[in-house]
Asks: 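Shown below is the structure under consideration.
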Amino acid sequence: MTSDRSPSSAGAVLPGARGPATPYRMTVTTALPHADAVALADEQLASWLKQEGCEEPPPTSDAAAGAPPAAERLRLGERVLLDRDHGPLRGGPGAGRYDRRRLRTPAPHGTRQLTLTVATGAGGPTWFRLEAETHSTGSGVRTPCRVPVPELARTLLPLLDAADGPAAVHSAPRVITADEVDDLIDELCDPERRLPTVVASVPVNLPLDHWVQEVVRPLCRQLPGLANAYVLDPGARTGFNVALEYHTVYGGAVRTYLPEVDPASRQDGVRHPVLARGRIEQDLRGAAGLLAREPRRLAADRPLPPTLAAVPVLRVPPPQLRPAAERTTVAVPAGTGAGASTAAAVDRAVDPVAELAALAREEQQDRAEQQARADELERVRHTLRLERRDRGQTREAHEVRLRTGTRGVLAGRHCSGPGAVGRRGAAQSAGRPVKPETFTELLSRIGEFPLLTFTGDQKSALALDGLQCVGAGWARLAWDGLTALQEYAEAAVRGAAGGDFKQWCEHTPDGCHRFPPRKAVRGESRTVFSHTKWKRERMLPVPECVDASRRAFMGAHLRIGGGRTAPRLHYLDDCSGSGRIYVGYIGLHLTNTRTN
């Protein structure tokens, strides 16, 4: 098994450059009555919208039995649309009823869409379905390989009393004791189970609580609503593996049990994939994405249950076809006209022509906004291409100066001094960009790389300036590395990089800045990764959109110096996710077997 999104995977070719990201789809039943489930969903949705600074939607009116479908569209903010509809299921008034909410919000390169459906069939359970997907506005924009688990799913699951057949659906891993092994086996073999079940074991040399908190919970971060997760304590592990001799799990491994487990079949055991402990510890973030891949695929491909399949397609009808709830009743005061002795109710219908024109303007505005975003993206790309061309011309001029320069000029490349300052001032006055001589200048100019973000501590980088002569060469080499990373990121977000940064350096396209491949390292050694203290040094800051803990392991690095001090630049390639590269450290070599 290999991860489809692992920043530190050696030689990994990034997946589908273009096209939609894999959607998130949760389908469960709830013990709540239909009306209570809809009210709970509306309450949580309104709370989330309020946190995002959007208007709260007005309350809805209950659909009468046998009433035709009613639909409405609400604009809750700039590019924030909420469509709501309800009515009977296909098959007639006696087939059941449904309520649906579809929310569309802006995304960096498109639109996020969240669809929530509650459907109850005649005499059947209440089904609850939550879907999240992303629609890109540009054909050249690279999208994440999967849509993340919506926060609404994490908040709703504990409140819904959700179930998958006879088993409860949990939002977090649950520890199984020896007394609960039989119940777990019954759940695995239940023919009504639709969701995969993930079972984790605990290494014999580690405490249960530590393994659950530090490994299993982060590993199952992408599973809420897609699979149930359990952890076998030492007592449960023995009984579980004796009962399922062809489907065992042990030694810190994690196994995904697909529906329809046959415990007596040796051949069936091959069908349920195992994620080994070594793979998990090597790259926990990548292993989490790998573990969620099969549940995500099953959720997207599995046919809908009959009740949800009977929900009609969402269509916001023209204004003149909308039900009477769209019309307002106005009380006319007494004495204002004929028959004024009593108050007369006047049914003021909405002007169909005016509302059709308003709807057309709204759709035109949406298309104009999408086109404006696409135009802005193209302008950014054009600017980046011009900057890259200018950098290429500057490099050619610099090479000419090196070939024709004097001995003093060549000597000045390695030590900063008055001569270097004079050359830098002359180049700047001529309008030509130059490489920084110090890390102080480098950090002040890092904003020149729009797709790179420095998240580390500046002190470690500034300390390199104290080494004087060699420090200037380090700063220029670091600048070369950042320039190459920027050009690689420009191609990666378009899906045109052809691999990771190491492969980019080995096969740099014509016209792009070349960085020595031997100085680009994909990841740290297994020894460094397995050493707790050394690994912690490389857990560097990232935004919350990249990792909820605001830390990520940055094993990939650039060698920007040699010798015992051996400065390094550590980074995280997240071009397939947030569309950026995060530089978490610039400084002296972090601790390993040679520096310790």
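Side chains are part of it too, since the values below use all heavy atoms of this structure and drop only hydrogens, waters and symmetry mates. Everything quoted here is computed from the prediction, not taken from an experiment.
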Asks: Taking K519 first and then D480, would you say they form a salt bridge - that is, a charged N and a carboxylate O separated by under 4.0 Å?
Replies: no
Asks: So, the side chain of N228 versus the backbone of T197: is there a donor-acceptor pair under 3.5 Å, distance only?
Replies: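 Checking the backbone N and O of T197 against the side chain of N228, no donor-acceptor pair under 3.5 Å is found.
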Asks: Walk me through whether E294 and L258 qualify under side chain to side chain contact (heavy atoms under 4.5 Å, CB included).
Replies: CA-CA 9 Å; E294 188 65 10; L258 305 178; 3.9 Å; yes
Asks: Does P106 offer a backbone N or O that forms a donor-acceptor pair with the side chain of R112 under 3.5 Å?
Replies: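 Judged by distance alone, yes, a pair lies under 3.5 Å.
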Asks: If you take all heavy atoms of R494 and E490, which pair is closest and at what distance?
Replies: NH1-O, 3.0 Å
Asks: Would you say that Y230 contacts H170 through its side chain, given a criterion of any heavy-atom pair below 4.5 Å between the two side chains?
Replies: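 Yes - at least one pair of side-chain heavy atoms lies under 4.5 Å apart.
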Asks: Quick check: are there more than 12 heavy atoms from other residues, nucleotides or ligands sitting under 6.0 Å from CZ of R221?
Replies: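 At most 12 heavy atoms, drawn from other residues, nucleotides or ligands, come within 6.0 Å of this atom.
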Asks: Should E524 and H570 count as side-chain neighbours, where that means a heavy-atom distance under 4.5 Å?
Replies: yes
Asks: Check side chain to side chain contact (heavy atoms under 4.5 Å, CB included) between R237 and all other residues, then give those that pass, not counting sequence neighbours.
Replies: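 R237: side chain to side chain contact (heavy atoms under 4.5 Å, CB included) contacts with V204, L232, P234, N241, Y250.
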Asks: Output the distance between atom CZ (R25) and atom CD (E131), rounded to the nearest 0.5 Å.
Replies: 5.5 Å
Asks: Mark yes or no for whether R580, through its side chain, and L452, through its backbone, hold a donor-acceptor pair below 3.5 Å.
Replies: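 Yes, because the side chain of R580 sits within donor-acceptor range (under 3.5 Å) of the backbone of L452.
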Asks: Could you tell me which non-hydrogen atom of A475 sits nearest to which non-hydrogen atom of P436, and how far apart they are?
Replies: CB-O, 3.9 Å
Asks: Ring-plane angle category for F515 and F501, please: parallel below 30°, perpendicular beyond 60°, tilted otherwise.
Replies: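 Because their plane-to-plane angle lies in the 30° to 60° range, the rings of F515 and F501 count as tilted.
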Asks: List the steps, then state whether side chain to side chain contact (heavy atoms under 4.5 Å, CB included) holds for L482 with L442.
Replies: CA-CA 10 Å; L482 293 172; L442 182 147; 3.9 Å; yes
Asks: Using 0.5 Å steps for rounding, measure from the OH atom of Y24 to the CG atom of L226.
Replies: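 These two atoms lie 4.5 Å from each other.
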Asks: Between P224 and L157, which heavy-atom pair has the shortest distance, and what is it?
Replies: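 P224 and L157 have their closest heavy atoms at C-CD1, 4.0 Å.
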Asks: Using modelled atom types only, decide if a donor and an acceptor are shared between the side chain of H557 and the backbone of G555 within a distance under 3.5 Å.
Replies: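 Yes; judged by distance alone, with no hydrogens or angles, the pair exists.
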Asks: Is it true that a side-chain atom of D457 and a backbone atom of S460 form a donor plus acceptor pair closer than 3.5 Å?
Replies: no
Asks: Does R293 reach the side chain of P273, with side-chain heavy atoms less than 4.5 Å apart?
Replies: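 No, their side chains stay 4.5 Å or more apart.
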Asks: Give me the ring orientation class for H247 and H272: parallel if the planes are under 30° apart, tilted from 30 to 60°, perpendicular past 60°.
Replies: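 The rings of H247 and H272 sit tilted, inter-plane angle from 30° to 60°.
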Asks: State, with a plain yes or no, whether a side-chain heavy atom of R568 is found less than 4.5 Å away from one of R559.
Replies: yes
Asks: Given side chain to side chain contact (heavy atoms under 4.5 Å, CB included), test L588 with L464 step by step and report yes or no.
Replies: CA-CA 7 Å; L588 297 179; L464 299 176; 3.4 Å; yes
Asks: Under 3.5 Å, is there a donor-acceptor pair between the side chain of K502 and the main chain of P517?
Replies: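 Yes, K502 side chain to P517 backbone: donor-acceptor pair under 3.5 Å.
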Asks: Tell me whether D301 is salt-bridged to R297, with the criterion being a basic N under 4.0 Å from an acidic carboxylate O.
Replies: yes
Asks: Partners of T455 by side chain to side chain contact (heavy atoms under 4.5 Å, CB included), sequence neighbours excluded?
Replies: T453, P541, M554, Y582
Asks: With side chains defined as the heavy atoms from C-beta onward, is the minimum distance between E441 and W479 less than 4.5 Å?
Replies: no
Asks: Going from CD on E537 to CG on L590, what distance comes out if it is rounded to the nearest 0.5 angstrom?
Replies: 5.5 Å
Asks: On a heavy-atom basis, which atom in L451 and which in Q486 lie closest, and how many Å separate them?
Replies: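 Where L451 meets Q486 most closely, the heavy atoms are N-OE1, 3.0 Å.
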Asks: Does a side-chain heavy-atom distance below 4.5 Å link T248 with F240?
Replies: no
Asks: Once side chain to side chain contact (heavy atoms under 4.5 Å, CB included) is applied, do any residues pair with R277, and if so which ones, sequence neighbours excluded?
Replies: P203, N205, L206, W211, E281
Asks: Using 0.5 Å steps for rounding, measure from the OG1 atom of T111 to the CD atom of E133.
Replies: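 If we round to the nearest 0.5 Å, T111:OG1 and E133:CD are 11.0 Å apart.
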Asks: Looking only at heavy atoms, what is the nearest atom pair of S578 and V546, with distance?
Replies: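 Closest approach of S578 to V546, heavy atoms only: OG-CG2, 4.1 Å.
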Asks: If you look at every heavy atom in R296 and V147, which pair is closest and at what distance?
Replies: NH1-O, 2.6 Å
Asks: Quick check for you: to the nearest 0.5 Å, what is the distance between Q267 atom CD and Y246 atom OH?
Replies: 9.0 Å
Asks: If you define the side chain from C-beta out and look only at heavy atoms, does anything of V199 sit under 4.5 Å from I176?
Replies: no
Asks: Any chance you could lay out the side chain to side chain contact (heavy atoms under 4.5 Å, CB included) test for L219 and L284, step after step, and finish with the verdict?
Replies: CA-CA 6 Å; L219 186 66; L284 183 58; 4.0 Å; yes
Asks: How many angstroms lie between atom CG of L540 and atom CG of L572, to the nearest 0.5 angstrom?
Replies: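 Between atom CG of L540 and atom CG of L572 there are 9.5 Å.
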Asks: Would a 4.5 Å heavy-atom cut-off, applied to side chains only, mark L114 and W48 as touching?
Replies: no
